[in-house]
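One structure is given below, encoded as structure tokens.
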Amino acid sequence: AGGLLATAGITRLFYGYVETGPLLAAAVALFVLAGVRLVQDGRGVAAATFTFLLASAMHVTGLLLFPAWAWLLWHWSRDDSRRRRLALALLTLPILMYGAIWSVFGGSARAVGDLYAPYFGKFLTLLGPTDGKRAYTLLSPARWTEFLNEQFLLGPFALLALVGLWLALPRRERPAGPEVRFLLLLLAPFLLLSILFNRELGGARDWDLVANLAVPAILLVAVTLARAPAPDGGSQRERRDAAPGPSPGLVITLLSASLFHLIGFVLVDARPDRSLAHFLTLFESGAPVSPFARSYALEEVGRYELERGRTDEAIRHLEDAARVDPGNVKAVGTLGSLYNSRGDLARAMPHLEQAVRLRPDMALNHYNLGAARMSGGRSTDAARAFEEAIRLDPNLEPAWLGLANMALALKLTAIADSVAREGQARFPANADLMVVRAAVREQAGRFDEAIQILETARIAAPDNQTVLYNLGRLRNDQGNYQAAIGSLSRLTALAPDDAEAWNNLGVAQLQLLQFDAAGQAFVNAINANADLIPAHVNLAEALFRMGRREEALGTLQAFIDRRPGLAKEAGMDRMMENLRQRSLNDSAD
């Protein structure tokens with residue numbers, strides 16, 4: 001139990017929150033199982049040793065179980081000199097294991113020192129100020145506040161382990177009695193609340209409150225309850241030497257921690273606004289937590305607001321998170337992406353560049369920076385950012401599309417085609433990469449090949465709007481209007497506000513003399529974008545060819561009156577004069 005508490009608490013010192021993975025948590029759970037068995041009946045020292053080494057091999061924080069493992073070896077070897085010598089020999093195994101790992105990967109004793117000396121020197125200083133780079137010192141109030149807070153996280157989620165063990169035990173071995181029934185009834189609501197609370201199990205959110213190490217902590221309770229019934233017979237010595245029964249202190253302590261943990265958050269979580277206020281109060285400026293912890297909490301609130309669609313509130317909290325800790329790359333990067341999505345490049349670029357400086361090894365940061373540069377028309381700089389993103393993570397799919405599009409924008413068609421081909425080899429169903437390849441062939445005048453590629457893309461992604469638009473546009477250009485109508489009708493059904501799609505659909509219908517349908521398509525285009533000049537011109541043409549000449553001229557005149565500058569730039573007065581002349585010619589005929 002001491003080993004578990006130390007591991008849960010000290011990983012906070014390293015990371016600010018428990019960042020050990022599920023596999024490590026599972027290894028710790030196995031260690032607890034083996035340890036409990038070793039304490040109960042003196043068997044399983046090999047299992048306890050193996051599971052300790054397994055946890056230690058997965059992550060260096062697994063070594064924090066060393067005192068618990070050493071105590072198990074001491075307990076197992078007491079009053080037995082042969083076992084004591086074996087226990088001392090086993091204590092050398094972690095050193096041998098880490099030495100073997102380092103030698104396999106080409107390490108050396110000096111490399112170990114060079115790696116771990118600054119690591120522990122940075123995170124385990126005893127005293128000093130806390131800042132964005134150093135969340136805690138070992139003796140700071142913020143550190144111990146977080147340590148105590150971590151202990152309240154040891155309960156709810158892993159109650160699932162108790163149910164699993166209970167169901168797995170043969171009926172005759174299940175513990176019975178009023179105490180057990182009482183504890184099970186007490187555990188049941190916590191289990192249900194945990195399932196509802198934890199977003200990984202379908203709940204609303206978890207605020208990072210459920211630690212992985214809760215699994216072995218409650219597994220300890222489960223094993224104690226299920227496998228260690230107190231003896232009810234035999235002599236006094238037999239009862240003393242036998243495996244102890246469930247410890248009421250241990251059970252009540254962990255369940256009380258779970259209760260304390262849940263009441264403050266689950267009950268208040270019933271009303272989101274109250275929950276937010278409660279959560280923010282825990283991390284307000286006067287709270288005894290480090291800037292790192294406060295910034296992390298504000299960033300979580302920002303992400304929550306973003307999920308609710310409250311972008312302005314999300315930006316406000318993310319700005320606060322970045323102000324409290326400028327090194328919070330999640331807050332900084334998310335802010336940059338949000339501003340870029342709003343078209344606010346002046347605010348987006350500093351944040352995205354800062355995210356790259358903070359984490360130059362993160363491919364997503366480079367991709368987001370490239371996307372902003374692309375929005376700003378900086379094609380060359382965007383291409384460099386996309387290249388770096390791909391170098392860091394070749395499986396970052398959007399980066400391939402970004403790089404291919406930038407090469408296309410720079411008229412580097414051969415490079416665009418090569419990048420799109422390589423990306424498509426990794427992501428065969430990516431229709432947007434096929435669009436790039438089709439664009440390369442269109443620029444080369446190979447229209448049939450471009451249409452063939454787009455047809456393949458439509459099979460891969462039937463509702464991809466970029467594919468449908470380009471397929472309809474190209475077919476219109478090639479005079480295959482009936483086929484164009486099929487693609488563009490599907491596109492307008494998917495995107496009824498796409499003015500260009502409606503206009504292109506109307507063009508195809510007009511060429512096939514479907515005047516009523518074409519006129520309605522042009523009206524829909526104008527409703528979607530009242531300044532789309534081709535839609536007004538095409539509507540006038542459709543009306544004119546339907547014999548509604550005054551309406552045709554009125555359509556153009558209305559646009560000229562509403563947007564005289566735009567109409568003059570487009571030469572709409574000449575278009576009106578052309579329509580009048582055609583009307584006169586028709587009358588003369």
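Sequence positions, counted from 1, serve as the residue numbers for this chain.
Between F52 and P94 there is a side-chain heavy-atom pair separated by less than 4.5 Å. The closest side-chain heavy-atom distance from V301 to D320 is not below 4.5 Å. Taking 4.5 Å as the limit, some side-chain heavy atom of V356 sits within range of a side-chain heavy atom of H366.
Checking side-chain atoms of D417 against main-chain N and O of T413 turns up no donor-acceptor pair under 3.5 Å. Distance alone, capped at 3.5 Å, places no donor-acceptor pair between the W69 side chain and the G35 backbone. Not a single donor-acceptor pair under 3.5 Å links the side chain of N340 to the backbone N or O of G336. A donor-acceptor pair is defined here as one N or O able to donate and one able to accept, closer than 3.5 Å; such a pair exists between the side chain of N365 and the backbone of A355. With S418 contributing its side chain and A414 its backbone, the two residues share no donor-acceptor pair below 3.5 Å.
Listed here is the closest heavy atom pair of A382 and G370: CB-O, 3.4 Å. Shortest non-hydrogen contact noted between M97 and S56 is CE-CB, 3.9 Å. Contact between A55 and L65 at its shortest, heavy atoms only, is CB-CD1, 4.3 Å. In terms of heavy atoms, A404 sits closest to A416 at O-CB, 3.6 Å. The nearest pair of heavy atoms linking A399 to F386 is O-CB, 3.9 Å. Taking each heavy atom of V332 and A322 in turn, the nearest pair found is CG2-CB, 4.1 Å.
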Donor-acceptor list for residues 425-438 side chains, cut-off 3.5 Å, not counting sequence neighbours:
residue : atom : partner : partner atom : Å
N430    : OD1  : D432    : N            : 3.0
N430    : OD1  : L433    : N            : 3.0
N430    : ND2  : E397    : OE2          : 2.7
D432    : OD1  : N464    : ND2          : 3.4
R437    : NH1  : Q424    : OE1          : 3.0

Check: residues 490-500 side-chain donor-acceptor pairs under 3.5 Å, at least two apart:
residue : atom : partner : partner atom : Å
R490    : NE   : D463    : OD1          : 3.0
R490    : NH2  : D463    : OD1          : 2.8
R490    : NH2  : D463    : OD2          : 3.1
T492    : OG1  : L488    : O            : 3.1
T492    : OG1  : S489    : O            : 2.9
D498    : OD1  : E500    : N            : 3.2
D498    : OD1  : A501    : N            : 3.1

side-chain contact (heavy atoms from CB on, under 4.5 Å) assessment of T311 paired with R342: CA-CA 10 Å; T311 308; R342 289 185 159 192; 3.6 Å; yes
Criterion side-chain contact (heavy atoms from CB on, under 4.5 Å) on E319 and L335, from CA distance to verdict: CA-CA 7 Å; E319 287 281 12; L335 264 176; 3.7 Å; yes
side-chain contact (heavy atoms from CB on, under 4.5 Å) assessment of E305 paired with L318: CA-CA 10 Å; E305 293 286 24; L318 290 167; over 6 Å; no
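Between atom NE2 of residue H317 and atom OG1 of residue T334 there is a gap of 14.0 Å, rounded to the nearest 0.5 Å. Summarising the geometry, atom CG belonging to L298 is positioned 9.0 Å from atom CG belonging to N328; distances are rounded to the nearest 0.5 Å. A distance of 11.5 Å separates CG of D361 from CG of D393, quoted to the nearest 0.5 Å. Rounding to the nearest 0.5 Å places CZ of R373 at 10.5 Å from OG1 of T380. L532 contributes atom CG, which lies 13.5 Å from atom CH2 of W502 (distance to the nearest 0.5 angstrom). Summarising the geometry, atom CG belonging to L364 is positioned 11.0 Å from atom CG belonging to L392; distances are rounded to the nearest 0.5 Å.
The residues R303 and E300 are annotated as not salt-bridged, no charged nitrogen and carboxylate oxygen being separated by less than 4.0 angstrom. At a threshold of 4.0 Å, the pair E388-R384 does not count as salt-bridged, since none of the basic side-chain nitrogens sits closer than that to a carboxylate oxygen.
Listed by chain and residue number, Y339 satisfy the ring pair (Phe, Tyr, Trp, His ring centres under 6.0 Å) test with H351 (two or more places apart in sequence, or in another chain). In this structure, the salt bridge (Lys or Arg N to Asp or Glu O under 4.0 Å) partners of R473, at least two apart in sequence or on a different chain, are E442, D477. Annotation: side-chain contact (heavy atoms from CB on, under 4.5 Å) contacts of E353 (sequence neighbours excluded): M349, R357, L369. Taking the side-chain contact (heavy atoms from CB on, under 4.5 Å) definition, one finds that I415 meets it with A407, L412, V419, sequence neighbours left out.
Counting non-hydrogen atoms of neighbouring residues, nucleotides and ligands closer than 6.0 angstrom, the CZ atom of R316 exceeds 12 such neighbours.
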